[in-house]
Student: 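Below is a structure I'd like to ask you about.
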Amino acid sequence: MKKVLFTLLALVLAIGLVVPAAIADTTSPTYTAQWDGKRGGDSLHCDKIGESPERTESGWIHWVFSTKGESTDALLTLGGTGSGSYTPGNPLVANVWHFYTPYFDLSGLTATIELFGGDPGPGGGLVISDYCPGDSGGGPQEALTVTKTAITSYTRTHNWSIDKSVDTDNAYEEGGYPKIWLYTDGSGDESATWTVDVTYGGFEDSDFNVSGEITIENNGDTDAVITDVIDDLELAGTEINVDLADEDGDPVTLPYTLEVGKTLTGTYSEDVDSKINDYNEVTVETEQFEYWNDAEIIWGDPTAEVNDTVEITDTNAGFADKYGDENGQVFLYAGDYEEGDVITFTYTNDFAWEDYGEQGCGDYIYDNTAQVIGDDEIVLDSDDATLLVNVQCYIYETAYAKGGSAICFIPTFANWGWTNPVTLAGSPYTWNLWAGAGQCNTSKGTLVGNVTVVRTAGGYITVTYNMASGYLLKETHVYAGCDQFPKVKQGKKLVSTVAPGQYYNASPVNCTTAYVIAHAVVGIPDPNFGP
């Protein structure tokens, strides 16, 4: 009895669906299109039974044609395994023609739509929206489930640059370089300050790639012969190569028979020029139908970052002393900055003549280099700053003490200098110490200090050198005796000399008038030193 009722119901449904409505002008269709025999063939949806009056347990095929455009009526005619002509069903007001027909075996089914009253709009086409064989049977049905993923990857490279400069307190320059002049008296002591500016230049993205997996599962009740798998970027129209493999991971070639319950997996990888806004879609074609799915391409965080952490180095130890970590290293992180941010480091060194001293006088060039070091120890950028330091030297001159009664060596000797009479009554004496007074002409010399001469009642003579500020006493030679000049033995006789290395102190002296020669080698700050 149940079978009879179903048969009657199917008959009533068929009659209701087959009876065409009035067609405006069935002899003059304005547009005709054919179903391609595949579109929508994967739309098996028996789960929709009862969602509308047409979707019954007896089975159905729901056809759609998009878009109506200017057409005012339509007629759908089935052939092959199907039959009948059908008028549009609800909703009639939408921009799509809907048709509900009984279920017919899709394998071998043909369908033709005719539009009346005007041409369709752009796009669209005749497609099966959903169907169910229902009680009408229809034999084994092909049904594949196609899913896919779209995974993005790209590399982000961070950009850095560095600038270095040095400034001094007094702002002297020579040849475009800052310069410090260090005087022996300390008057030129000053500081130099180095500035290191690191600029974060933002980033550049590259090596864009879209990859993923395509899964084709046969969840129907008949084997499916897959003839093609087409994967492409929908908007760009770029077709992508797909490598297919069975459940054992063995590669397969098309055509390929996918057995019921089996799965075929495809992988793909495609380099692209930029972060394209697109969909990656796949179409699986079988001998009966086309199956389709897509995945939106969404760009997340970069899969690799280059130079996101950099080390800043400086050949001047003052940099690491001030800014370095426990290992003396300085690191910057791209995530802490915006493009164009400048990170400034400054450090100061003090320069004093006494740090160099007499033996360290001369000219110095300090070249300091700062670097930005990225991944794999690659130097991304560097800059240097040059500081010139001049340290004043002493010029060494011969000096002699000259008292009020001094007697010049000349013309007795070729060398200049003075011998000075000393009496007990005149003691103590203070005599000027002259350096570089050639020909005994003090106007040519430099007054570098004085000497104090003391003669005691016991005949002892002492000489004390007192240097004026800024002058250096390097050597002293003193003659004290009753002769006007020192005597040295030359062969069998004694001769007079003024050679400093031959001087001696003959104290105690027992003559009324003794003579003193006070010689020195003194350092005079280089008078030509300075900017």
Side-chain angles (χ1 to χ4, degrees), residues 162-197 313-324 328 345-371 382-401 432-438 442 444-451 464-477 500 519-531:
I162 195 167
D163 294 290
K164 185 174 184 180
S165 61
V166 59
D167 299 291
T168 62
D169 294 342
N170 294 327
Y172 292 126
E173 287 192 357
E174 183 177 286
Y177 298 108
K179 188 167 189 176
I180 291 176
W181 300 87
L182 297 179
Y183 294 87
T184 58
D185 62 0
S187 61
D189 294 357
E190 63 173 312
S191 299
T193 299
W194 282 265
T195 300
V196 177
D197 288 328
T313 65
D314 195 308
T315 54
N316 190 315
F319 177 80
D321 291 344
K322 183 174 181 180
Y323 294 103
F345 304 89
T346 61
Y347 56 92
T348 300
N349 284 1
D350 298 324
F351 293 85
W353 187 93
E354 66 178 13
D355 294 331
Y356 296 86
E358 178 190 0
Q359 301 302 318
C361 75
D363 300 338
Y364 294 84
I365 299 176
Y366 294 99
D367 288 319
N368 293 304
T369 301
Q371 295 181 327
S382 66
D383 196 20
D384 54 37
T386 298
L387 175 67
L388 307 179
V389 177
N390 277 20
V391 181
Q392 188 177 31
C393 292
Y394 285 102
I395 295 175
Y396 298 98
E397 293 280 0
T398 293
Y400 285 95
N432 287 335
L433 185 63
W434 290 96
T442 56
K444 297 179 181 180
T446 301
L447 183 62
V448 295
N450 60 52
V451 297
T464 303
Y465 290 79
N466 308 297
M467 300 304 297
S469 176
Y471 300 105
L472 181 68
L473 183 64
K474 287 291 288 182
E475 298 179 16
T476 61
H477 301 92
H519 169 266
V521 176
V522 298
I524 300 174
D526 182 359
N528 297 317
F529 181 84

Student: Side chains of Asn368 and Val166, heavy atoms from C-beta outward: is any pair under 4.5 Å?
Tutor: no

Student: Donor-acceptor check, side chain of Thr315 to backbone of Thr369, threshold 3.5 angstrom: yes or no?
Tutor: yes

Student: Tell me every residue that passes side chain to side chain donor-acceptor pair (under 3.5 Å) with Asp167, counting only those two or more places apart in sequence or in another chain.
Tutor: none

Student: Judged by modelled atom types alone, do Tyr347 and Asp314 share a side-chain donor-acceptor pair under 3.5 Å?
Tutor: yes

Student: Excluding sequence neighbours, so at least two apart, what forms side chain to side chain contact (heavy atoms under 4.5 Å, CB included) with Thr195?
Tutor: Ser165, Asp197, Thr344, Thr346

Student: Ignoring hydrogens and geometry beyond distance, is a side-chain donor-acceptor pair present between Ser187 and Asp185 at under 3.5 Å?
Tutor: yes

Student: Side chain to side chain contact (heavy atoms under 4.5 Å, CB included) with Glu173: which residues, sequence neighbours excluded?
Tutor: none

Student: Within the structure provided, determine whether Leu387 and Trp194 are in side-chain contact (heavy-atom separation under 4.5 Å).
Tutor: yes

Student: Restricting to side chain to side chain donor-acceptor pair (under 3.5 Å), what partner residues turn up for Asn450, sequence neighbours left out?
Tutor: Asn466

Student: Under the ring pair (Phe, Tyr, Trp, His ring centres under 6.0 Å) test, which residues partner His477, sequence neighbours left out?
Tutor: His519

Student: On the 0 to 90° scale, with breaks at 30° and 60°, tag the Phe529-Trp181 ring pair as parallel, tilted or perpendicular.
Tutor: perpendicular

Student: What pairs meet the salt bridge (charged side-chain N to carboxylate O under 4.0 Å, His left out) rule with one or both residues in residues 352-367, with sequence neighbours excluded?
Tutor: Glu358-Lys474

Student: Please list, chain by chain and in numerical order, all residues satisfying side chain to side chain donor-acceptor pair (under 3.5 Å) with Asp350, sequence neighbours excluded.
Tutor: Ser191

Student: Look up atom SG in Cys361 and atom CD1 in Ile395, then write down how far apart they are to the nearest 0.5 Å.
Tutor: 10.0 Å

Student: What I'd like to find out is whether the side chain of Ile365 reaches to under 4.5 Å of the side chain of Thr386, using heavy atoms alone.
Tutor: yes

Student: Provide the closest heavy-atom pair for Ile180 versus Gly188 in the form atom of the first, atom of the second, distance.
Tutor: CG2-O, 4.2 Å

Student: Using every non-hydrogen atom in the two residues, find where Pro531 and Tyr183 come nearest and quote the distance to one decimal.
Tutor: CD-OH, 3.4 Å

Student: Quick one: pull up OH in Tyr465 and CG in Leu473 and give me the separation to the nearest 0.5 Å.
Tutor: 7.5 Å

Student: Step by step, would you call Tyr364 with Phe351 a side chain to side chain contact (heavy atoms under 4.5 Å, CB included)?
Tutor: CA-CA 12 Å; Tyr364 294 84; Phe351 293 85; over 6 Å; no

Student: What are the two closest non-hydrogen atoms of Val451 and Ala401, and how far apart are they?
Tutor: CG2-CB, 3.4 Å

Student: Nearest 0.5 Å please: distance from the NZ atom of Lys179 over to the CG atom of Leu388.
Tutor: 6.0 Å

Student: Who pairs with Lys444 by salt bridge (charged side-chain N to carboxylate O under 4.0 Å, His left out), at least two apart in sequence or on another chain?
Tutor: none

Student: Step by step, work out the side chain to side chain contact (heavy atoms under 4.5 Å, CB included) result for Leu447 and Leu433.
Tutor: CA-CA 6 Å; Leu447 183 62; Leu433 185 63; 5.5 Å; no

Student: With Gln371, which residues qualify under side chain to side chain donor-acceptor pair (under 3.5 Å), at least two apart?
Tutor: none

Student: Going by ring pair (Phe, Tyr, Trp, His ring centres under 6.0 Å), name the residues that satisfy it together with Tyr323, two or more places apart in sequence or in a different chain.
Tutor: Phe319, Phe345

Student: Say you draw a straight line from CH2 of Trp353 to CG of Asn390; how long is it, rounded to the nearest 0.5 Å?
Tutor: 14.0 Å

Student: Rounded at 0.5 Å granularity, tell me how far CG in Asp384 sits from CG in Asn316.
Tutor: 12.5 Å

Student: If I take atom CG from residue Asp169 and atom OG1 from residue Thr193, how far apart are they, to the nearest 0.5 angstrom?
Tutor: 6.5 Å

Student: Ala435: which residues meet the side chain to side chain contact (heavy atoms under 4.5 Å, CB included) condition with it, sequence neighbours left out?
Tutor: Glu397, Ala399, Val448, Val522, Ile524

Student: Report the residues that fulfil side chain to side chain contact (heavy atoms under 4.5 Å, CB included) with Pro525, sequence neighbours left out, ordered by chain and then residue number.
Tutor: Thr184, Gln392, Tyr394, Tyr471

